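Numbers restart at 1 for each chain; the letters A, B, ... are given by sequence-line order, proteins then strands. Please read these numbers as outputs of a predicted model, since none were measured by experiment.
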Amino acid sequence: MPELPETETIARDLDGALRGAVVRSVEVVRSDVLRGEAPGRSRRSAAALAAEVADALTGAKVHGVSRRAKSVVIAFGTVCAGGQVEGLHRLVVTPRFTGALLIDGTPDDAYTCLRLDLADGRSLRYHDVRRLGTLALLGPSAFEAWEMALGPEPLDPALTPERFSGIIRGSSRAVKSILMDQKRLAGVGNIYANEALWRARIRPTRRGERVTRVQCALLLSELRAVLSESIALRGTTFRDYRDAYGGRGGFAARLQAYGRAGEPCSRCGDALSATHALEGRQTVWCRACQS
DNA sequence: AGGGGAACCCGTACGC
DNA sequence: TGCGTACGGGTTCCCC
């Protein structure tokens, strides 16, 4: 389940590997992962979208690869006669649970949804077993609309403790739900919400409006710490996540809360509690030292 | 505004 | 062993 550190890892690898590469041919194998206006939107005619993607990407040049929220953004431009890049559009890839962007060297199989063959002989595949991930090809205005609807990036220095505190304290919902609400804060999912709250000693069910400013400042710094540490170890492979070379992330062994229900809290030794009652998602915390 | 539930998928785990 | 079924997991969308 790629969240911010995992999609960041993929984006950094692909930016280094693909910047400047030219697409020779496009094969849409599974068109049901394609979306129109934005990732996650209900799908339009899959056949029409497949034709649009093939048409737009054939001959296109990779301008750069970046990340926003939990999505990898591949920016393409068309190479014109003069050599300059025009008609920038972006393929927004949201892998969800089992999606992966793989560069050549990984064997092809039945789960390839999209394959881009590059002029230099390499290839890039979007691979997804469950196909809950999505690919959306967005022009400049649709891309801007999608980005504008997302909350700030937790690692952006422009997100000050004051602003973060306003996000958390401005809602009566459970603080964990606020952390995971992509409209309020982008990129944080279940794993890192559990971890950040454990580190900051805040109970996941505490209402945002009842988290103090001091706790908010601590939560932001612990959130940034856990995200940065995970990026340094190329993310968390709990189960399905793979990087662009098919490799696993190294952060799973560092998790203190997620997936450790019943195990002793590494801070106080009490058994970690778990519930699914918070929006139906696995929530793990220490009753003794998180309040 | 926000909470609940369905839908999207299919490998995995389980029951019989 | 095989077959059938429940489940998970983030997000959107619809309804209350």
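A straight line from CD of A:E6 to P of C:dG10 spans 12 Å, rounded to a whole angstrom. Whole-Å rounding puts the A:R173 CZ to B:dG4 P distance at 10 Å. Straight-line distance from the NZ atom of A:K176 to the C1' atom of C:dG10: 12 Å, rounded to whole Å. Rounded to whole angstrom, the span from the CG atom of A:D240 across to the C1' atom of C:dC7 amounts to 14 Å. The CG-P distance, from A:L34 to B:dC8, rounds to 17 Å in whole Å. Straight-line distance from the CZ atom of A:R96 to the C1' atom of C:dG9: 10 Å, rounded to whole Å. For the pair A:I191 CD1 and C:dG9 P, the computed distance is 10 Å after rounding to whole Å. Put simply, CG on A:L132 is 14 Å from P on C:dG8, counting in whole angstrom units.
The number of heavy atoms from other shown groups lying within 6.0 Å of CZ (A:R207) does not exceed 12. Environment of CZ in A:R248: sparse, with no more than 12 heavy atoms of neighbouring residues, nucleotides or ligands closer than 6.0 Å.
Between A:Y258 and A:F238, the distance from one ring center to the other falls under 6.0 angstrom.
Residue A:R131 places at least one side-chain N or O closer than 4.0 Å to OP1 or OP2 of B:dC10. Residue A:Y111 has no polar side-chain atom (N or O) positioned under 4.0 Å from OP1 or OP2 of B:dC10. One finds a side-chain N or O of A:K70 lying less than 4.0 angstrom from the OP1 or OP2 phosphate oxygen of C:dT11. Side-chain N/O atoms of A:R184 include one lying less than 4.0 angstrom from OP1 or OP2 on B:dG2.
A donor-acceptor pair under 3.5 Å is absent between the side-chain atoms of A:E27 and the main chain of A:L114, judged by distance alone.
Under a cutoff of 6.0 Å and an axis angle of 45°, A:R267 and A:W198 form a cation-pi pair.
For A:E144, there are no side-chain hydrogen bond (donor to acceptor under 3.5 Å, both in side chains) partners two or more places apart in sequence or in a different chain.
Residue A:R239 is classed as a sugar-phosphate contact, given heavy-atom separations below 4.0 Å to backbone atoms only. The residue A:D128 sits apart from the nucleic acid: no heavy atom pair falls under 4.0 Å.
The side chain of A:Y258 has C:dG9 as its nearest neighbour among B:dG11, C:dG9, B:dG2.
The minimum heavy-atom distance between A:L118 and A:A21, with the atom names listed, is CD1-CB, 4.1 Å.
In the helix from B:dG2-C:dC16 to B:dC16-C:dG2, the terminal helix axes, each the rotation mapping four pairs' C1' atoms onto the next four within five end pairs, subtend 50°, rounded to 10°.
If A:S171 and A:R130 are placed on DNA chain B by their nearest nucleotide, the residue sitting closer to the 5' end is A:S171. When each of A:Q282 and A:W146 is assigned the nucleotide of DNA chain C with its nearest heavy atom, A:Q282 is the one assigned upstream, toward the 5' end.
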